[in-house]
Amino acid sequence: MAAVAAAPEPAAESATAADEQMGYQTHSVGGGQVLNGPDGKLAITGGIGGAAAGGGEGKKGEILTVLPTGARQKAEDNTTRALLPSKAPMMVKPKWHAPWKLYRVISGHTGWVRAVDVEPENQWFASGGADRIIKYGNAHTVAHLAHRFSLQVKCWDLEYNKVIRHYHGHLSAVQAIAYHPTLDVLVTAARDSTARVWDMRTKAQIHCLGGHTNTVADVICQSADPQVSYNSSAVFSFSPLIIFVNQSINQYFPLQKSVRALALHPSLYMFASASPDNIKQWKCPNGEFIQNLPGHNAIVNSLACNQDGVLVSGGDNGSMRFWDWKSGFCFQQEQVKPQPGSIDSEAGIYAMCFDKTGLRLITAEADKTIKMYKEDDTATEESHPIVWRPEIVKRKQY
């Protein structure tokens with residue numbers, strides 16, 4: 001591309017003749033000219049100019065066949081970018097997902113249900129409540145284990161319904177627990193501002209991950225680095241654990257509001273975090289910020305993601321949002337209703353998870369019930385179209 005230096009007022013005839021001698025074809029556009037060179041390059045002038053015989057800086061009124069270098073390089077780069085067509089980045093078109101519907105409500109707890117999880121073979125699930133009872137079984141048969149409040153982490157033998165291991169060390173109530181997918185270790189997070197890594201068989205504490213100044217609300221594990229991600233207050237911490245040499249590397253990301261939930265994507269090397277202002281997506285291993293998912297204006301207590309790219313968030317006021325992971329588009333909103341006999345404030349969602357197939361969603365709620373959701377099999381793209389309006393993507397901000 002050629003650059004142009006403005007001329008005071010050269011003669012139109014001489015400039016046009018010089019251009020024709022060098023093989024340029026001149027076209028007048030408005031107050032300027034467009035020159036089409038023999039090599040196919042275009043030059044746009046703000047007035048009437050003549051072509052220079054060679055490269056270099058040239059004089060006023062001459063077309064420079066070679067872009068100048070040196071001190072004027074930055075200015076010429078700006079001129080080049082100004083000539084290129086610019087288009088504002090648009091939102092990625094979301095993938096269509098079938099709407100989810102409630103199909104079963106399970107009662108039995110006498111207190112708030114605070115935790116739920118599915119066993120690896122996808123045959124049954126377990127739930128824990130404020131009634132100090134752990135219940136496990138399928139949707140039809142449920143057994144229970146009595147559990148008193150303590151600072152300990154307990155390992156149960158489900159065949160005999162008895163505790164076989166205790167993990168001592170936390171100084172306050174345990175908030176979350178996560179198993180490592182490939183190693184025989186587990187990670188616990190507690191209100192003593194620490195996350196502790198335990199050897200499941202020997203009950204020995206391997207690491208004590210400190211540095212937080214408030215309750216560590218959630219913890220997740222994966223086999224690749226970082227192996228452990230946990231959150232507290234307004235700080236993220238990513239710890240690539242080197243188990244056998246007892247070292248850890250921490251990276252901290254300041255956020256505006258406290259984080260209560262984390263969720264790993266089953267296949268992508270990413271995870272999401274939930275706070276009252278936004279749901280944020282991050283990329284491993286360095287925790288690079290990807291995008292915000294705004295719109296769930298509540299205290300988000302739980303997140304869950306399945307293999308199809310459906311991210312679900314559950315709020316303290318009973319609100320649920322279903323998101324398309326790739327585009328960050330909210331394609332469904334739900335408001336749960338507490339069971340008869342409960343007050344309206346007992347509509348909160350404390351925990352949720354998908355089963356191993358990703359086709360059923362299980363929620364643990366404040367009305368002492370467990371609710372199960374599944375996709376609507378009769379829904380199609382024609383009956384439930386995506387109500388999507390492309391918007392200009394705002395600059396990424398924390």
- [ ] Determine, stepwise, if the pair Y136 / W124 fulfils ring pair (Phe, Tyr, Trp, His ring centres under 6.0 Å).
- [x] CA-CA 7 Å; Y136 66 95; W124 52 268; 5.7 Å; yes

- [ ] Give a yes or no on this: more than 12 heavy atoms of other residues, nucleotides or ligands lie within 6.0 Å of atom CZ of R260.
- [x] no

- [ ] Take L209 and T194, measure what side-chain contact (heavy atoms from CB on, under 4.5 Å) needs, and give me the verdict at the end.
- [x] CA-CA 6 Å; L209 308 177; T194 64; over 6 Å; no

Task: Derivation and outcome, side-chain contact (heavy atoms from CB on, under 4.5 Å), residues L293 and F329 - done: CA-CA 7 Å; L293 279 64; F329 174 72; over 6 Å; no

Open item on the list: Main chain of T182, side chain of H180: is a donor-acceptor contact present, judged purely on distance under 3.5 Å?
Closed with: yes

Task: Ring-face cation of K374 near Y103 (centre distance under 6.0 Å, axis angle within 45°) - done: yes

Task: Under-4.0 Å salt bridge between K135 and D131 - done: no

TODO: Taking all non-hydrogen atoms of both residues into account, name the closest pair between C284 and Q222 and its distance.
DONE: SG-NE2, 3.8 Å

Open item on the list: More than 12 heavy atoms of other residues, nucleotides or ligands under 6.0 Å from CD of E121: yes or no?
Closed with: no

Open item on the list: With rounding to the nearest 0.5 angstrom, report the NE2 to SG distance, H166 to C155.
Closed with: 10.0 Å

Open item on the list: Return the OG to CD distance between S127 and E365, rounded to the nearest 0.5 Å.
Closed with: 12.0 Å

TODO: Taking the side chain as every heavy atom from C-beta outward, state whether M372 and I106 have any atom pair closer than 4.5 Å.
DONE: yes

Open item on the list: Does E334 form a side-chain hydrogen bond (donor to acceptor under 3.5 Å, both in side chains) with Q332? I'd like the steps, not just the answer.
Closed with: CA-CA 7 Å; E334 293 288 337; Q332 185 180 354; 2.8 Å; yes

Task: side-chain contact (heavy atoms from CB on, under 4.5 Å) between S273 and Q281, worked out - done: CA-CA 7 Å; S273 64; Q281 290 181 351; over 6 Å; no

Open item on the list: For the backbone of T363 and the side chain of Y350, can you confirm whether one donor and one acceptor N or O come within less than 3.5 Å of each other?
Closed with: no

Task: Side-chain donor/acceptor of N301 to backbone N/O of I349, under 3.5 Å - done: yes

- [ ] Scan N214, V216, T215 and name whichever one has a side-chain contact (heavy atoms from CB on, under 4.5 Å) with H212.
- [x] V216

Open item on the list: Nearest 0.5 Å, please: how far is OG1 in T188 from CD1 in I177?
Closed with: 6.5 Å

Open item on the list: Main chain of Y373, side chain of R360: is a donor-acceptor contact present, judged purely on distance under 3.5 Å?
Closed with: no

Task: Within-4.5 Å side-chain heavy-atom neighbours: D324 and H97 - done: yes

- [ ] Report yes or no: does N122 contribute a side-chain atom to a donor-acceptor pair with the main-chain N or O of K356 at less than 3.5 Å?
- [x] yes

Open item on the list: Does any part of the side chain of W100, heavy atoms only, come nearer than 4.5 Å to the side chain of L361, both counted from C-beta?
Closed with: yes

Open item on the list: Would the distance check show the side chain of D218 and the main-chain N or O of L262 forming a donor-acceptor pair, the cut-off being under 3.5 Å?
Closed with: yes

TODO: Kindly compute the distance separating CH2 (W96) from CD (E381), expressed to the nearest 0.5 Å.
DONE: 6.0 Å

Open item on the list: I'd like to know if the side chain of N306 and the backbone of V310 have a donor-acceptor N/O pair within less than 3.5 Å.
Closed with: yes

- [ ] Check whether any side-chain heavy atom of I279 lies under 4.5 Å from a side-chain heavy atom of W323, and answer yes or no.
- [x] yes

Task: Short N-O contact, R201 and D184, less than 4.0 angstrom - done: yes

Task: side chain to side chain donor-acceptor pair (under 3.5 Å) partners for K95, two or more places apart - done: D308

- [ ] Give a yes or no on whether I206 and V187 share a hydrophobic cluster (residues Ile, Leu, Val, Met, Phe, Trp, Tyr; joining criterion: side-chain heavy atoms under 4.5 Å apart).
- [x] yes

Task: Nearest-0.5 Å distance, CG of residue L311 to SG of residue C305 - done: 5.5 Å

Task: Nearest-0.5 Å distance that lies between atom CD1 in I220 and atom CG in L303 - done: 9.5 Å

TODO: Decide whether M270 and V300 are clustered together by the hydrophobic rule: side chain heavy atoms of Ile, Leu, Val, Met, Phe, Trp, Tyr closer than 4.5 Å, transitively.
DONE: yes

Open item on the list: Tell me whether Q339 contacts the main-chain N or O of D367 through its side chain, where contact means a donor paired with an acceptor under 3.5 Å.
Closed with: yes

TODO: Using a 4.5 Å cut-off on heavy atoms from C-beta on, say whether the side chain of F125 contacts that of V116.
DONE: yes

Task: Heavy-atom closest contact (A261 atom, S302 atom, distance) - done: CB-CA, 3.7 Å

Task: Residue pair Y179, M200: steps toward the side-chain contact (heavy atoms from CB on, under 4.5 Å) verdict - done: CA-CA 9 Å; Y179 294 95; M200 293 179 59; 3.8 Å; yes

Open item on the list: Can you tell whether the side chains of K101 and E375 come within less than 4.0 Å, N to carboxylate O?
Closed with: no

- [ ] Compare all side-chain heavy atoms of C330 with those of F322 and state whether any distance is below 4.5 angstrom.
- [x] no

TODO: Please check if M320 and W112 belong to a single hydrophobic cluster, counting links between Ile, Leu, Val, Met, Phe, Trp and Tyr side chain heavy atoms closer than 4.5 Å.
DONE: no

TODO: Would you confirm whether N317, through its side chain, and S319, through its main-chain N or O, come within 3.5 Å as a donor-acceptor pair?
DONE: yes

Open item on the list: Checking side-chain polar atoms at under 3.5 Å, does R196 have a donor or acceptor matched by the opposite partner on H170?
Closed with: yes

Task: CZ/R191: more than 12 non-hydrogen atoms of other groups inside 6.0 Å - done: no

TODO: Check whether any side-chain heavy atom of L102 lies under 4.5 Å from a side-chain heavy atom of R104, and answer yes or no.
DONE: no

TODO: May I ask you to decide if the ring planes of W282 and F271 are parallel, tilted or perpendicular, using 30° and 60° as cut-offs?
DONE: parallel

Task: Geometric class of the H265/W325 ring pair [parallel <30°, tilted 30-60°, perpendicular >60°] - done: perpendicular

Open item on the list: Measuring only between side-chain heavy atoms, which start at C-beta, is I362 closer than 4.5 Å to F354?
Closed with: no

